[in-house]
2 protein chains.
Amino acid sequence: MPTIEDIARLANVSIATVSRVFNNKPDVSEKTRERVLQIARELGYEPSMPARSLIKGKTGIVGLIVPDISNPYYSEIVRGIEDTCRTRRYNVILCNADNKREKEFEYIDILKNRWVDGVIFHCDYFSEEHYEAFARKNIPIVLAGRATAYDVPYVAIDNFKAAFDAVNYLISLGHERIGLIHGPLDGMKETIDSVDRLMGYKKALSEAGLKICEDLIAEGDFKAKGGYEAAGKILKAGVKPTAIFAVSDIMAIGALNAVLDFGLKCPEDVSVVGFDNIDLSEITRPPLTTIAQPMYNIGSVAAEILINLINGESVERKRIILDHKLVIRSSCKSI
Amino acid sequence: MPTIEDIARLANVSIATVSRVFNNKPDVSEKTRERVLQIARELGYEPSMPARSLIKGKTGIVGLIVPDISNPYYSEIVRGIEDTCRTRRYNVILCNADNKREKEFEYIDILKNRWVDGVIFHCDYFSEEHYEAFARKNIPIVLAGRATAYDVPYVAIDNFKAAFDAVNYLISLGHERIGLIHGPLDGMKETIDSVDRLMGYKKALSEAGLKICEDLIAEGDFKAKGGYEAAGKILKAGVKPTAIFAVSDIMAIGALNAVLDFGLKCPEDVSVVGFDNIDLSEITRPPLTTIAQPMYNIGSVAAEILINLINGESVERKRIILDHKLVIRSSCKSI
DNA sequence: GTGAAAGCGCTAACAG
DNA sequence: CTGTTAGCGCTTTCAC
């Protein structure tokens, strides 16, 4: 593998000149530039990134930690991140935590090794432990998809308001017995999505003067099967729900199947609302009414902020709440 | 950010000793080791990867190029790759080509910059152009999910046989008018999945003495919508199919919806078979009979081979065909 | 416009 | 067991 020295020798110039050529510095004669480039091409020379990084103190690499790459919600966020990083000439090191807390920390440690210029972190739950793991680092970090009270930049949506809107929509359709499939709570009191969405649900209900019935609330795991089982629990309880709101489309799809398997029809017998608006929500039958999250944008805005932070540019807003939107399809009908 | 020198000074040892400690070399007294570690901890020292890589000539990073991260087939492969890379202490740089040929080449170029020790490449179609783009490099590469005639290691399945098996199953159920939704062909003659699967379909038909009817064959794009439209085309044609084989689950789901929207029922009126066995195939109604591809293993075996190649270990088998398997669920019934 | 030389932070002989 | 030293391949003053 040729080095800058090989090129310099063959081109009869100093390594400094070769370096200038490859960094597009102005003061190199056109003739020299051509010659250097020509020889480099012939030898298949490529500047060594590690050597460059060593001097510059930057790698041009961004670390990305996500809980589960196979979840379409995350893969869409990853797309957004990856795309804007590419246009800004950054590469992304992907770390899939596989829904395991230990792996998250394992990756945080790995990424601290000065490989990456910054990290985008997406977790279910941003704890003090996480905060401290990052705090000791002086590389920038931004949270994707999750707001936090800690002093960390983030890009997210208003989960409370989103759930509130979804349930309100159902109420406006005349539904009174509305089931909820929420995400894992793990006994957390902190502000996490699942809690926010649960609160939004309760708020909408109580504002409408409807009472909250625990039999209508079940916990899922953000997987189809969990949604299926949670819906089963709700459907089996005494109070027959006329609608179910699942806080993720995947769980909503599970719920849809549970409805079918109970011999009921959607939306005739029970309306279903999802959350996320992943591609899939359009191709179910019936297509899912859902809360659209701007996944791609969450990723791309997070990446944008991170890269600005890395470059020391001033970032006006570090805590961004993006808009959600109710997407009405045909999985709900009025009573 | 502290360097090895800072630690050495504070610990009253030479930088060589500090280096030894951090590389777990045996000849350091326990006392010294402790002291060094202690001070390093206090200062939050982490060895600089770029500096290490510069010397070693290795980065411990593997490049991964996939056509579309948001496709569950690929995300499962990515999981496999990421997992085994992690256990082998490699990181992966994710490159999402977004189904665009130019981006593939753009990424090949980027990865050539000696950041990565090797690359795993997954594309729809491995052309001469690709081969040459890599050939000029002396870093190892392995193809995931795709066999090739070029001298490149790969991990794949036997697509021809798999399609053959799927269609044969349908034939064994008594079906005679079997539709096929294949992938994009792009006028390629080379050995690509879509072509292989198409051939497998034709072979099964002709072996059974059934004639091939072009009206029963339509092209999809590996998306649900494409599958939906292709199925529509097939369903609309004169010959009423009693079964449809889509060469990807996602397209099969589209087909399932088309069947419904035509006022038909699956499996009563038309049986549907998919391909891949992504998680989703289990949660459709009816659950999809499909050809299971070992996605996770494809990824993990590919990573294993690549890493062995990187480490100069001899790799006995460089061209691996993993087993596929027919998974029978309830989307098919006998005639 | 171009070159010489001093590092960037670390590893790996080689000495002791 | 520990220290000295010579680079790894490149960028960046500072001269000329």
Side-chain angles (χ1 to χ4, degrees), chain A residues 1-40 43-61 89 110 112-117 137-139, chain B residues 1-40 43-61 89 112-117 137-139 311:
Chain A
M1 187 147 291
T3 72
I4 198 173
E5 227 174 321
D6 301 323
I7 311 301
R9 194 166 358 91
L10 284 148
N12 275 316
V13 292
S14 71
I15 60 167
T17 300
V18 179
S19 172
R20 287 189 188 100
V21 170
F22 277 91
N23 287 281
N24 288 312
K25 302 277 183 189
D27 24 68
V28 181
S29 76
E30 207 41 52
K31 216 171 13 180
T32 317
R33 185 183 299 276
E34 281 303 307
R35 187 151 37 93
V36 167
L37 249 21
Q38 173 57 27
I39 292 180
L43 269 68
Y45 167 76
E46 308 267 357
S48 150
M49 284 302 175
R52 269 191 175 166
S53 305
L54 180 55
I55 295 175
K56 304 251 186 141
K58 308 237 167 212
T59 59
I61 298 183
R89 328 236 79 200
I110 291 175
K112 290 206 290 197
N113 280 15
R114 280 192 268 171
W115 253 130
V116 297
D117 295 342
K137 295 301 299 174
N138 35 16
I139 57 170
Chain B
M1 188 148 289
T3 72
I4 199 172
E5 226 173 320
D6 301 323
I7 309 303
R9 193 165 0 90
L10 283 149
N12 275 315
V13 292
S14 70
I15 58 167
T17 301
V18 180
S19 173
R20 286 189 189 99
V21 170
F22 277 91
N23 288 281
N24 288 313
K25 303 277 183 189
D27 24 66
V28 181
S29 76
E30 208 39 54
K31 221 177 359 183
T32 315
R33 184 183 299 275
E34 281 303 307
R35 188 152 35 93
V36 167
L37 250 19
Q38 174 57 28
I39 292 180
L43 269 67
Y45 167 77
E46 308 267 359
S48 149
M49 284 302 176
R52 269 191 176 166
S53 306
L54 180 55
I55 295 176
K56 303 253 186 138
K58 308 237 168 211
T59 60
I61 297 183
R89 328 238 78 197
K112 290 206 291 198
N113 279 15
R114 281 190 267 171
W115 254 128
V116 298
D117 295 341
K137 295 301 301 174
N138 36 15
I139 57 170
N311 295 331

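Chain A is the first sequence line, chain B the second, and so forth, proteins listed ahead of strands; every chain is numbered from 1.
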Whole Å only: how far is the [atom1] atom of [X] from the [atom2] atom of [N]?
{"X": "B/Ile7", "N": "C/dC10", "atom1": "CD1", "atom2": "P", "answer": "9 Å"}
{"X": "B/Arg35", "N": "D/dC1", "atom1": "CZ", "atom2": "C1'", "answer": "12 Å"}
{"X": "A/Lys58", "N": "D/dT11", "atom1": "NZ", "atom2": "C1'", "answer": "16 Å"}
{"X": "A/Asp27", "N": "D/dT12", "atom1": "CG", "atom2": "P", "answer": "12 Å"}
{"X": "A/Arg9", "N": "C/dA4", "atom1": "CZ", "atom2": "P", "answer": "14 Å"}
{"X": "B/Ile15", "N": "D/dA6", "atom1": "CD1", "atom2": "P", "answer": "12 Å"}
{"X": "B/Ile4", "N": "C/dA12", "atom1": "CD1", "atom2": "C1'", "answer": "12 Å"}
{"X": "A/Lys31", "N": "C/dT2", "atom1": "NZ", "atom2": "C1'", "answer": "14 Å"}

Looking at every heavy atom in both [X] and [Y], which two are closest together, and how far apart are they?
{"X": "A/Asp117", "Y": "A/Lys58", "result": "OD1-CA, 3.5 Å"}
{"X": "B/Val36", "Y": "B/Phe22", "result": "CG1-CE1, 4.2 Å"}
{"X": "B/Leu43", "Y": "B/Pro2", "result": "O-CG, 3.4 Å"}
{"X": "B/Pro50", "Y": "A/Thr59", "result": "CG-CG2, 4.0 Å"}

(request) Take B/Leu54 and B/Glu30, find for each the nucleotide of DNA chain D with the closest heavy atom, and name the residue whose nucleotide sits nearer the 5' end. (result) B/Glu30
Touch check for [X], heavy atoms < 4.0 angstrom, all strands: base, sugar-phosphate only, or nothing?
{"X": "A/Asp6", "value": "nothing"}
{"X": "A/Val13", "value": "sugar-phosphate"}
{"X": "A/Pro50", "value": "nothing"}
{"X": "A/Ser53", "value": "nothing"}

Which listed nucleotide ([options]) is nearest to the side chain of [X]?
{"X": "A/Ala16", "options": "D/dG9, D/dT11, C/dG3", "result": "C/dG3"}
{"X": "B/Ile55", "options": "C/dG1, C/dT11, D/dG3", "result": "C/dT11"}
{"X": "B/Ser29", "options": "D/dT2, C/dA5, D/dG9", "result": "D/dT2"}

Given [N], is OP1 or OP2 found less than 4.0 Å from the side-chain N or O atoms of [X]?
{"X": "B/Ser19", "N": "C/dT11", "result": "yes"}
{"X": "A/Ser48", "N": "D/dC10", "result": "no"}
{"X": "A/Arg52", "N": "D/dC10", "result": "no"}
{"X": "A/Ser14", "N": "C/dG3", "result": "yes"}
{"X": "B/Lys25", "N": "D/dC1", "result": "no"}

(message) On the side chain of B/Arg20, is there an atom forming a donor-acceptor pair with the base of D/dG3 - under 3.5 Å, no angle test?
(response) yes
(message) I'd like to know whether CD of B/Gln38 has more than 12 heavy-atom contacts from other residues, nucleotides or ligands below 6.0 angstrom.
(response) yes
(request) Give me the one residue out of A/Leu10, A/Ile7, A/Leu37, A/Asp6 that meets side-chain contact (heavy atoms from CB on, under 4.5 Å) with A/Tyr45. (result) A/Ile7
